[in-house]
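Before I ask anything, let me first share the structure, which is written out below as structure tokens.
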Amino acid sequence: MPARRPARTALTAVVVALLSMTAAACGDRGGLRAAGPTPTAVSPAKLWPDLRPASSPAYPYAVSTRVVVKGVKVPGDDIRKVDPVDVVEAEIKATPDDYGSKGAYHATVDRLEDCRPGGDKARCPLLKPNYRDLTGDGRDDMTLGFRLYPTNQTAVRVYTVEKHHLVQVLADNDAILGVELAGRTLIERSPADISGYEYRTTWEWDPGQRAMVFSRDEYLHTGDGRKATKPSASASPSATPSASSR
């Protein structure tokens with residue numbers, strides 16, 4: 001854009017003048033010094049240019065969820081007036097294979113009864129719900145979490161309200177260290193199989209799909225972890241440890 005060049009030239013002249021004044025005032029001390037040669041930029045190396053395109057999609061991942069919750073009303077379209085226990089019970093009713101007597105999370109059902117008035121709150125699997133606008137429509141959405149027994153995983157759910165209906169827009173079960181919200185993004189932190197590392201899974205609101213969509217899965221270093229042990233005398237010098245994948 002030629003119109004911007006005069007302004008940039010003038011700014012450069014001012015910077016040069018200021019540097020000259022600073023050098024004159026300070027003498028040789030603090031003068032500009034070379035930082036050494038600049039590394040040459042290297043473009044990414046493309047491997048196997050003749051590789052044939054894949055004939056099928058990559059391994060499937062549950063990238064998004066969108067389900068209208070049946071049997072739960074939203075008074076005045078205010079999601080804060082929805083009972084979270086009713087929401088979890090609706091999921092249990094809709095997915096009997098998961099929560100039935102032979103399901104992976106069957107023990108959650110009995111514990112959920114303790115979330116009602118008069119129950120043992122220490123046994124209640126439901127976590128405190130969070131209300132925040134994740135969809136960008138100016139209204140609160142509900143982020144819900146509850147423990148899954150006997151697996152000790154945590155269920156993470158996000159709900160919004162559309163056309164007077166409660167809609168689930170995120171559903172994920174995992175071993176959870178913590179959950180963070182930033183803008184229209186939800187980040188799950190999970191333990192890795194090596195100490196000092198953790199997984200971070202990011203979900204973002206997608207206006208096109210009207211759901212929280214999986215966008216990133218990271219394996220991050222978070223601490224010192226286990227110290228390397230000295231190999232025994234009988235160990236092979238060529239042996240190297242292997243890292244298991246998620």
Side-chain angles (χ1 to χ4, degrees), residues 62-100 103-149 153-174 176-190 200-216:
V63 294
S64 65
T65 299
R66 181 175 169 81
V67 178
V68 176
V69 181
K70 297 181 179 180
V72 178
K73 296 182 178 180
V74 188
D77 287 347
D78 185 355
I79 202 167
R80 289 177 175 266
K81 295 181 180 180
V82 176
D83 189 338
V85 181
D86 291 342
V87 177
V88 179
E89 287 184 341
E91 176 175 325
I92 291 173
K93 183 178 180 180
T95 53
D97 290 343
D98 292 335
Y99 297 97
Y105 315 125
H106 64 274
T108 304
V109 180
D110 293 335
R111 286 176 175 264
L112 193 64
E113 296 297 325
D114 287 304
C115 298
R116 295 293 186 184
D120 183 358
K121 298 303 179 182
R123 283 176 43 85
C124 173
L126 191 62
L127 305 177
K128 183 180 179 180
N130 180 276
Y131 298 94
R132 177 172 178 163
D133 180 13
L134 293 174
T135 62
D137 63 359
R139 299 182 300 175
D140 282 339
D141 303 301
M142 180 171 64
T143 302
L144 196 62
F146 56 96
R147 299 285 288 170
L148 296 168
Y149 296 98
Q153 290 182 317
T154 300
V156 178
R157 307 286 188 264
V158 175
Y159 299 89
T160 190
V161 178
E162 292 184 7
K163 298 180 180 180
H164 315 301
H165 295 290
L166 186 69
V167 181
Q168 183 187 86
V169 293
L170 186 150
D172 189 42
N173 302 337
D174 207 342
I176 301 292
L177 289 174
V179 176
E180 302 171 1
L181 299 178
R184 301 180 189 178
T185 300
L186 183 145
I187 304 169
E188 296 177 355
R189 297 173 48 243
S190 303
R200 292 187 187 177
T201 305
T202 302
W203 303 83
E204 295 181 351
W205 173 251
D206 186 325
Q209 298 193 44
R210 305 294 299 169
M212 300 291 291
V213 176
F214 166 80
S215 65
R216 182 182 302 172

Mind listing the closest non-hydrogen atom pair of K73 and V82 along with its distance?
O-CG2, 3.8 Å
Does the side chain of N173 reach to within under 4.5 Å of the side chain of Y105, using non-hydrogen atoms?
yes
Any donor and acceptor pair, going by atom type alone, linking the side chain of D141 with main-chain N or O of T135 inside 3.5 Å?
yes
Does any N or O in the side chain of R139 come within less than 3.5 Å of the main-chain N or O of V161, such that one atom is a donor and the other an acceptor?
yes
Do you know the tightest heavy-atom contact between Q209 and S64?
OE1-OG, 3.2 Å
CH2-CG distance between W203 and L186, expressed to the nearest 0.5 angstrom
9.0 Å
Under a 4.5 Å cut-off applied to non-hydrogen side-chain atoms, are R157 and Q168 in contact?
yes
Counting N and O atoms only, with roles assigned by atom type, does the side chain of D133 sit under 3.5 Å from a partner on the main chain of G138, one being a donor and the other an acceptor?
yes
How long is the straight-line distance from CD of E188 back to OG1 of T202, given to the nearest 0.5 Å?
9.0 Å
If every non-hydrogen atom of A90 is compared with every non-hydrogen atom of V69, which pair is closest and at what distance?
CB-CG1, 3.9 Å
Where D83 and V85 come nearest, the two heavy atoms and their spacing
OD1-N, 2.9 Å
Between atom OG1 of T160 and atom CG of L134, what is the distance when rounded to the nearest 0.5 Å?
8.5 Å
4.5 Å side-chain heavy-atom contact, V68 and V167
yes
Any salt bridge linking R116 with D86? Criterion: basic side-chain nitrogen under 4.0 Å from a carboxylate oxygen.
yes
Taking every heavy atom of P84 against every heavy atom of M142, the minimum-distance pair comes out as CG-SD, 4.4 Å
Determine whether a donor-acceptor pair (N or O, by modelled atom type, separation under 3.5 Å) exists between the side chain of D174 and the backbone of I176.
no
Would you say the side chain of T143 lies within less than 4.5 Å of the side chain of R132, judging by non-hydrogen atoms?
no
If you measure from CZ on R147 to CD on Q153, what distance do you get to the nearest 0.5 Å?
9.0 Å
What I'd like to find out is whether the side chain of T65 reaches to under 4.5 Å of the side chain of D172, using heavy atoms alone.
no
Atom CZ of residue position R216 - does it have more than 12 heavy atoms of other residues, nucleotides or ligands inside 6.0 Å?
no
Salt-bridge test for R210 and D137: reply yes if a basic N is under 4.0 Å from a carboxylate O, no otherwise.
no
Nearest 0.5 Å, what's the CG-OH distance between L144 and Y159?
5.5 Å
The reported gap from CE in M212 to CD in E204 (rounded to nearest 0.5 angstrom) is 8.0 Å
Give a yes or no answer on whether the side chain of T108 reaches the backbone of Y149 with a donor-acceptor pair at less than 3.5 Å.
yes
Please lay out, stage by stage, how R189 and E180 fare under the test side-chain contact (heavy atoms from CB on, under 4.5 Å).
CA-CA 8 Å; R189 297 173 48 243; E180 302 171 1; 3.4 Å; yes
Mind telling me whether F146 and Y99 have parallel, tilted or perpendicular rings, with 30° and 60° as the class edges?
tilted
Check whether more than 12 heavy atoms from other residues, nucleotides or ligands sit under 6.0 Å from atom NZ of K70, and answer yes or no.
no
Has H165 got a side-chain atom pairing as donor or acceptor with E162's backbone, closer than 3.5 angstrom?
no
